[in-house]
Asker: 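Would you mind keeping the following structure in view while I ask a few things?
Proteins come first, then strands; the chains are lettered A, B, ... in the order of their sequence lines, and each starts at number 1.
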Number of protein chains: 2
Amino acid sequence: MKNNLEILKRCGVRPTPQRIAVVKYIFESKGHPDADTILENVRKTCPTISRATVYNTLNLLVAKGLLQTQILKGRTVIFDPNTQKHHHFVDDATGKVFDIPWDTLKVSQNKTLQGFQVRDYQVIMRGRRES
Amino acid sequence: MKNNLEILKRCGVRPTPQRIAVVKYIFESKGHPDADTILENVRKTCPTISRATVYNTLNLLVAKGLLQTQILKGRTVIFDPNTQKHHHFVDDATGKVFDIPWDTLKVSQNKTLQGFQVRDYQVIMRGRRES
DNA sequence: AATAAATATTGACAATGTTAAAAATAGGAT
DNA sequence: ATCCTATTTTTAACATTGTCAATATTTATT
């Protein structure tokens with residue numbers, strides 16, 4: 001496990017206790033938490049942290065490229081510490097999000113997409129998670 | 001252009017003026033409007049319609065399978081009158097959403113997806129719309 | 001017309017996120 | 001160490017998007 005403090009320093013963000021706590025939770029939970037889940041959990045170790053600070057920190061981390069955002073369940077933003085290319089699977093029953101490795105799927109073009117310059121893409125799958 | 005009134009009758013929904021106005025806007029605009037855009041535009045011909053009625057109608061149409069919802073730009077739900085399988089392209093600059101015909105792309109599996117029973121999937125592309 | 005059922009409206013509420021202003025904190029110069 | 005400044009955090013208000021319950025209205029049935 002890499003030092004969370006280092007992560008912040010390396011991208012030129014002052015490593016305040018609040019920020020360290022947020023980073024620690026996100027990078028150690030390895031899930032796809034939304035802002036409220038992050039707030040709740042970070043408050044266990046840093047009880048005074050405010051809603052606004054959590055949002056500020058998350059948006060900062062996104063701007064620095066340490067997190068990606070996704071909207072996959074309902075209308076709430078989730079924060080994804082996996083910044084490598086990957087696809088997603090959303091469980092119908094629970095809404096839980098799973099990362100699908102990039103090389104699991106291959107997307108090929110049958111017909112040319114005239115007039116569209118694709119910068120990025122992903123496959124979003126939905127269904128039942130078994131077992 | 002199919003009769004909007006018929007659309008409602010055929011799926012057993014009483015065709016009130018409000019519902020007709022909503023259906024008319026969505027199926028004739030052929031875009032991917034969000035609820036507020038729909039509300040604004042429907043009010044041009046049906047000025048008394050309320051926010052709640054628009055939402056009620058939209059949710060009803062979704063339940064009847066006449067519309068699909070997508071969340072592709074920001075956190076707002078858009079309503080898509082195209083209920084056939086298709087992919088989406090989102091323009092980075094404008095946020096405008098384009099339908100991509102299903103057979104334009106082919107998604108194949110390199111590795112088996114153990115433990116995931118896929119009910120549905122789509123490719124979401126982002127980039128620049130040219131010309 | 002009288003009644004019952006379905007629908008529309010209003011206004012309050014909830015969830016998620018942003019913002020501005022004040023308070024707290026840290027870093028640097030002296 | 002102390003003061004000054006810039007950054008960060010907090011608080012509280014606000015914005016957006018959507019839902020809900022109560023009331024009013026319209027429609028259908030008799």
Side-chain angles (χ1 to χ4, degrees), chain A residues 4-5 7-9 11-26 32-43 45-64 66-80 95 97, chain B residues 4-5 7-9 11-26 32-43 45-64 66-80 95 97:
Chain A
N4 299 312
L5 200 146
I7 293 175
L8 288 170
K9 277 202 220 161
C11 64
V13 175
R14 192 193 286 173
T16 66
Q18 289 88 343
R19 286 174 177 164
I20 292 171
V22 169
V23 166
K24 182 174 163 59
Y25 175 71
I26 294 182
H32 299 78
D34 59 29
D36 250 31
T37 304
I38 295 165
L39 178 60
E40 274 177 38
N41 282 279
V42 167
R43 275 191 169 156
T45 62
C46 183
T48 70
I49 197 171
S50 71
R51 183 179 204 67
T53 296
V54 169
Y55 276 104
N56 285 343
T57 302
L58 291 171
N59 290 337
L60 192 58
L61 296 176
V62 170
K64 295 291 181 182
L66 273 71
L67 294 178
Q68 281 181 357
T69 58
Q70 297 282 340
I71 303 184
L72 298 173
K73 35 175 172 176
R75 313 179 297 112
T76 86
V77 176
I78 62 176
F79 295 87
D80 190 343
V97 174
Chain B
N4 299 312
L5 200 146
I7 293 176
L8 287 170
K9 276 202 219 159
C11 64
V13 175
R14 191 193 290 171
T16 67
Q18 291 87 343
R19 286 174 176 165
I20 292 172
V22 170
V23 166
K24 181 174 164 61
Y25 175 72
I26 294 183
H32 298 79
D34 59 29
D36 250 31
T37 303
I38 295 165
L39 178 61
E40 274 176 38
N41 282 280
V42 167
R43 276 193 169 155
T45 62
C46 184
T48 71
I49 198 171
S50 71
R51 183 181 204 65
T53 296
V54 170
Y55 275 103
N56 285 344
T57 302
L58 291 171
N59 291 337
L60 191 58
L61 296 176
V62 169
K64 293 292 182 182
L66 273 71
L67 295 179
Q68 280 181 355
T69 58
Q70 296 282 339
I71 303 184
L72 298 173
K73 35 175 172 179
R75 314 180 299 111
T76 84
V77 175
I78 62 176
F79 295 86
D80 191 343
V97 174

Asker: Please list all pairs passing the salt bridge (charged side-chain N to carboxylate O under 4.0 Å, His left out) test where one or both residues lie in residues 46-58 of chain B, with sequence neighbours left out.
Answerer: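 Only Asp36(B)-Arg51(B) qualify under salt bridge (charged side-chain N to carboxylate O under 4.0 Å, His left out).
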Asker: Ser50(B): what forms a side chain to side chain contact (heavy atoms under 4.5 Å, CB included) with it, not counting sequence neighbours?
Answerer: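 Per chain and number, Ser50(B) pairs via side chain to side chain contact (heavy atoms under 4.5 Å, CB included) with Ala52(B), Thr53(B).
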Asker: Quick one: CG on Asn56(B) to CD on Gln18(B), what's the gap to the nearest 0.5 Å?
Answerer: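 Asn56(B) atom CG to Gln18(B) atom CD measures 11.0 Å (nearest 0.5 Å).
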Asker: About how many Å separate CG of Leu66(B) and CD1 of Ile7(B), when rounded to the nearest 0.5 Å?
Answerer: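 Ile7(B) CD1 to Leu66(B) CG: 6.5 Å, rounded to 0.5 Å.
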Asker: Holding to side-chain hydrogen bond (donor to acceptor under 3.5 Å, both in side chains), I want the full list of residues that pass it with Thr69(B), two or more places apart in sequence or in another chain.
Answerer: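 None.
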Asker: What's the angle between the local helix axes at either end of the helix from dA1(C)-dT30(D) to dT30(C)-dA1(D), using five pairs per end and rounding to 10 degrees?
Answerer: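 Axis-to-axis angle, ends of the helix: 10°.
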Asker: Across nucleotides 20-30 of chain D, 5' to 3', mark each nucleotide with B, S or - according to how protein heavy atoms within less than 4.0 Å reach it.
Answerer: B------S---
Asker: Can you name the residues that form a side chain to side chain contact (heavy atoms under 4.5 Å, CB included) with Leu8(B), not counting sequence neighbours?
Answerer: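 Side chain to side chain contact (heavy atoms under 4.5 Å, CB included) list for Leu8(B), sorted by chain: Val13(B), Pro15(B), Arg19(B), Ile20(B), Val23(B), Leu61(B).
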Asker: Thr16(B): what forms a side-chain hydrogen bond (donor to acceptor under 3.5 Å, both in side chains) with it, not counting sequence neighbours?
Answerer: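 If we apply the side-chain hydrogen bond (donor to acceptor under 3.5 Å, both in side chains) test to Thr16(B), skipping adjacent residues, there are no hits.
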Asker: For Thr76(B), which residues count as a side-chain hydrogen bond (donor to acceptor under 3.5 Å, both in side chains) partner, sequence neighbours excluded?
Answerer: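 Here no residue qualifies.
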Asker: Is any side-chain heavy atom of Val22(B) closer than 4.5 Å to one of Ile49(B)?
Answerer: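 Yes, side chains in contact.
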Asker: For a 4.5 angstrom cut-off between non-hydrogen side-chain atoms, does Tyr25(A) reach Thr37(A)?
Answerer: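 Yes, side chains in contact.
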Asker: Could you state the atom-to-atom distance from OH of Tyr55(A) to P of dA15(D) in whole Å?
Answerer: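 Those two atoms, OH and P, are 17 Å apart.
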Asker: Which residue pairs pass the salt bridge (charged side-chain N to carboxylate O under 4.0 Å, His left out) test when at least one of the two sits in residues 67-80 of chain B, sequence neighbours left out?
Answerer: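 Sorted result for residues 67-80 of chain B: empty, none.
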Asker: If you assign Ile49(A) and Arg75(A) each to the DNA chain D nucleotide with the nearest heavy atom, which residue ends up on the more 5' nucleotide?
Answerer: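 The answer here is Ile49(A).
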Asker: For Arg51(B) and dG18(D), what is the distance between atoms CZ and P respectively, to the nearest whole Å?
Answerer: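 That distance rounds to 8 Å.
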Asker: Starting from the 5' end of DNA chain D, give me the residue, Val77(B) or Thr53(A), whose nearest nucleotide shows up first.
Answerer: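 Result of the comparison: Thr53(A).
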Asker: Could I get the full list of side-chain hydrogen bond (donor to acceptor under 3.5 Å, both in side chains) partners for Gln70(A), not counting sequence neighbours?
Answerer: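 Partners of Gln70(A) under the side-chain hydrogen bond (donor to acceptor under 3.5 Å, both in side chains) test: Gln122(A).
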Asker: Which residues within residues 32-42 of chain B lie with some heavy atom under 4.0 Å of an atom in DNA chain D?
Answerer: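 Only Ala35(B), Asp36(B) qualify.
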Asker: Using a heavy-atom cut-off of 4.0 Å to chain B, what are the terminal contacting nucleotides of DNA chain C, in 5' to 3' order?
Answerer: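 The contacted stretch runs from dA6(C) to dG17(C).
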Asker: Nearest-Å distance, CG (Leu8(A)) to C1' (dT7(D))?
Answerer: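 The answer, rounded to whole Å, is 15 Å.
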